[in-house]
K.L.:
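Would you mind keeping the following structure in view while I ask a few things?
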2 protein chains.
Amino acid sequence: MGRYRVGLETRERILTATRELLGEVGIEGVTLKAITDRAGVGAGSFYNLFETKEQAVLEVVREAIGAVDPDPSGVGRESLADLVEAFVRFITGEASGIARIYLQLAASGLTDERMARRVLRSHRRRVERFRDALLREQPGIGAGEAEARAEAILAALTGFAITWFIDPRFDFALHAARLLQPVGVASGGSE
Amino acid sequence: MGRYRVGLETRERILTATRELLGEVGIEGVTLKAITDRAGVGAGSFYNLFETKEQAVLEVVREAIGAVDPDPSGVGRESLADLVEAFVRFITGEASGIARIYLQLAASGLTDERMARRVLRSHRRRVERFRDALLREQPGIGAGEAEARAEAILAALTGFAITWFIDPRFDFALHAARLLQPVGVASGGSE
DNA sequence: TTCATCTTGTAGTATCCACTCCAGGTAACG
DNA sequence: CGTTACCTGGAGTGGATACTACAAGATGAA
């Protein structure tokens with residue numbers, strides 16, 4: 001079962017091709033031929049390194065879900081602004097292909113239960129992280145209130161991200177920054 | 001080209017089957033066989049009534065996009081709370097299959113440009129409607145500010161809706177209602 | 001070098017897909 | 001009733017799909 005060096009290199013080429021394709025055509029649109037063509041290998045090589053097509057896709061998917069969350073070393077110290085900024089960078093940064101995959105996954109959870117569980121687990125962790133950051137800045141509001149606000153901020157960020165991908169003119173960073181302002185969403189100071 | 005009564009009834013059965021399937025298995029998972037089996041017709045009957053599979057799917061898709069927006073007769077009179085409540089009812093109500101389709105569409109806009117344009121157009125209209133309701137209630141805030149808040153509310157509602165579909169325990173109505181409170185998202189009164 | 005193990009491309013296979021063809025049935029109308 | 005238009009189901013088509021079998025080559029530890 002030990003792998004040779006060339007085999008591991010081919011494996012990386014295949015994963016890179018899969019990653020790119022997932023961002024471009026979506027999780028349902030990826031075919032084996034597309035992957036092997038882009039990676040420059042035959043089907044035989046693919047199946048020498050992966051059991052099924054799904055295995056390769058899942059490997060990239062896990063990576064995408066993991067990539068939403070910034071640098072775990074900061075846990076317990078980061079501010080809410082840090083977390084929001086990291087999310088914006090994740091969506092609009094260089095690896096936005098991965099971000100695209102992540103949003104598709106969230107949506108595929110609408111029809112695929114296994115995916116739903118996977119996405120929900122990572123969502124829960126993220127809510128906790130946002131909640132804890134909020135509590136550190138405003139300990140007075142209480143855990144329940146902080147969690148509700150964390151859910152709201154994350155929901156808005158997700159919605160903004162979808163809008164941004166669909167409408168290139170949408171200023172994602174600006175709208176995300178507004179979420180941190182004391183003014184809030186619905187009502188203003190001029191009440 | 002005129003259609004007989006029986007033909008039109010079959011057409012309805014096919015559209016109903018398509019609608020159900022779209023909600024259950026997603027836009028990529030719908031096959032012709034699944035549609036015709038559920039509708040209880042042969043492939044020949046389908047193609048007597050629709051040019052392609054995509055035509056039937058698009059007919060349901062248009063319906064789903066249209067269904068997000070509540071009763072157009074209220075335009076110009078409704079409050080922000082009315083609009084939010086209507087969105088919540090759309091997602092959690094009896095026709096939540098349609099709502100599921102709508103969210104899938106928004107996500108499919110991530111990889112399908114034609115879908116992206118379609119979704120964006122309806123999104124823009126909805127933002128305007130929310131903005132106008134906001135301006136009616138707080139004329140002082142200005143159109144730009146109102147539009148930004150409309151975007152934020154809609155983004156949060158969309159994010160909440162995805163969470164709700166993925167996590168049945170999520171209290172969508174409660175979180176949606178919080179969007180209307182003067183407190184806002186990030187900061188509280190106890191600052 | 002030796003040789004077992006791993007890697008590779010090709011030429012398959014079975015299965016599913018959207019879609020077509022067509023013969024026989026049915027609806028509408030005079 | 002007769003005629004024409006429409007409706008119907010199912011067998012069949014071509015093409016794409018994921019995946020396999022295998023022969024020939026490359027790799028790497030001794």
Side-chain angles (χ1 to χ4, degrees), chain A residues 1-62 101 104-105 108 111-112 114-115, chain B residues 1-62 101 104-105 108 111-112 114-115:
Chain A
M1 249 306 174
R3 304 248 87 123
Y4 289 173
R5 189 179 44 78
V6 284
L8 292 175
E9 285 169 8
T10 305
R11 211 185 127 86
E12 276 315 305
R13 284 218 312 285
I14 288 173
L15 285 175
T16 300
T18 307
R19 199 177 301 123
E20 292 171 3
L21 282 166
L22 274 172
E24 288 170 22
V25 300
I27 199 164
E28 315 271 356
V30 179
T31 67
L32 187 77
K33 187 168 160 29
I35 293 174
T36 52
D37 281 0
R38 186 171 295 214
V41 300
S45 308
F46 182 95
Y47 283 99
N48 177 45
L49 296 157
F50 297 91
E51 301 255 327
T52 61
K53 186 191 80 166
E54 206 187 352
Q55 195 189 87
V57 170
L58 268 183
E59 200 151 325
V60 175
V61 158
R62 261 193 289 271
I101 297 172
Q104 282 169 32
L105 287 177
S108 75
T111 52
D112 180 339
R114 236 173 59 239
M115 235 17 126
Chain B
M1 253 300 172
R3 306 246 87 122
Y4 290 174
R5 189 179 43 79
V6 285
L8 292 175
E9 283 169 7
T10 304
R11 210 184 128 87
E12 277 315 305
R13 283 216 313 284
I14 288 173
L15 285 175
T16 299
T18 307
R19 199 177 302 124
E20 292 171 1
L21 282 166
L22 275 172
E24 288 169 24
V25 299
I27 199 163
E28 314 271 356
V30 178
T31 66
L32 189 75
K33 186 169 160 29
I35 294 175
T36 52
D37 280 1
R38 186 171 294 217
V41 301
S45 308
F46 182 96
Y47 284 98
N48 177 45
L49 295 158
F50 297 92
E51 303 256 327
T52 63
K53 185 191 82 165
E54 206 187 351
Q55 195 189 84
V57 170
L58 269 183
E59 200 152 326
V60 174
V61 159
R62 261 193 290 272
I101 297 171
Q104 282 170 31
L105 288 176
S108 76
T111 52
D112 180 339
R114 239 176 52 241
M115 236 12 131

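Numbers restart at 1 for each chain; the letters A, B, ... are given by sequence-line order, proteins then strands.
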K.L.:
Classify A:Thr10 by what it touches in the nucleic acid, base, sugar-phosphate, or nothing, heavy-atom distance under 4.0 Å.
P.N.:
sugar-phosphate

K.L.:
Using atom CD of A:Glu9 as one end and atom C1' of C:dT8 as the other, report the distance to the nearest whole Å.
P.N.:
14 Å

K.L.:
Side-chain contact test, heavy atoms from C-beta onward, threshold under 4.5 Å: evaluate it for B:Leu58 versus B:Phe50 and give yes or no.
P.N.:
no

K.L.:
Rounded at 0.5 Å granularity, tell me how far CD in B:Gln104 sits from OG1 in A:Thr111.
P.N.:
5.0 Å

K.L.:
Considering residues at least two apart in sequence or located in another chain, which fulfil the salt bridge (charged side-chain N to carboxylate O under 4.0 Å, His left out) criterion with B:Glu28?
P.N.:
none

K.L.:
What distance do A:Leu32 atom CG and A:Thr18 atom OG1 have between them, rounded to the nearest 0.5 Å?
P.N.:
9.0 Å

K.L.:
Mind checking what makes salt bridge (charged side-chain N to carboxylate O under 4.0 Å, His left out) contact with B:Glu12, not counting sequence neighbours?
P.N.:
none

K.L.:
What's the CD-C1' distance between A:Gln55 and D:dA18, to the nearest Å?
P.N.:
14 Å

K.L.:
Rounded to whole angstroms, how far apart are CG on B:Asp37 and C1' on C:dC17?
P.N.:
14 Å

K.L.:
If you measure from CD on B:Gln55 to CZ on B:Phe46, what distance do you get to the nearest 0.5 Å?
P.N.:
8.0 Å

K.L.:
Considering only nitrogen or oxygen atoms on both sides, find all protein atoms under 3.5 Å from nucleotides 25-29 of chain D and state each distance.
P.N.:
from   : atom 1 : to     : atom 2 : distance (Å)
D:dT27 : O2     : A:Tyr4 : OH     : 3.4

K.L.:
Find the distance B:Asn48:CG to D:dT8:P and express it as a whole number of Å.
P.N.:
7 Å

K.L.:
Using 0.5 Å steps for rounding, measure from the CG atom of B:Leu22 to the CD atom of B:Glu20.
P.N.:
10.5 Å

K.L.:
With DNA chain D as reference, determine whether A:Val30 or B:Val41 sits nearer its 5' end, using the nearest nucleotide of each.
P.N.:
B:Val41

K.L.:
How large an angle, rounded to 10°, do the end axes of the helix from C:dT1-D:dA30 to C:dG30-D:dC1 enclose when each is built from five base pairs?
P.N.:
20°

K.L.:
OP1, OP2 of C:dT7 versus side-chain N and O of A:Ser45: anything below 4.0 Å?
P.N.:
no

K.L.:
Starting at atom CD of B:Glu28, determine the distance to atom P of C:dA18, rounded to an integer number of angstrom.
P.N.:
12 Å

K.L.:
Could you list the protein-to-nucleotides 19-21 of chain C atom pairs, N/O on both sides, closer than 3.5 Å?
P.N.:
from   : atom 1 : to      : atom 2 : distance (Å)
C:dC19 : OP2    : B:Tyr47 : OH     : 2.8
C:dC19 : OP2    : B:Lys53 : N      : 2.8
C:dC19 : O5'    : B:Tyr47 : OH     : 3.3

K.L.:
Take the protein atom CD1 of B:Ile35 and the nucleotide atom P of D:dG9, then report the distance between them rounded to whole Å.
P.N.:
15 Å

K.L.:
So with a 6.0 Å cut-off around CD of B:Glu54, is the heavy-atom count from everything else above 12?
P.N.:
no

K.L.:
Going by side chain to side chain contact (heavy atoms under 4.5 Å, CB included), B:Ile27 matches just one of B:Val61, B:Val60, B:Leu21. Which one?
P.N.:
B:Val61

K.L.:
Going by salt bridge (charged side-chain N to carboxylate O under 4.0 Å, His left out), name the residues that satisfy it together with A:Arg13, two or more places apart in sequence or in a different chain.
P.N.:
none

K.L.:
Is B:Arg3 near enough to D:dC7 that one of its side-chain N or O atoms lies under 4.0 angstrom from OP1 or OP2?
P.N.:
yes

K.L.:
Tell me the interatomic distance from B:Lys33, atom NZ, to D:dG10, atom P, rounded to whole angstroms.
P.N.:
10 Å

K.L.:
Can you measure from OG1 (A:Thr36) to CD1 (A:Ile14) and round to the nearest 0.5 angstrom?
P.N.:
8.0 Å

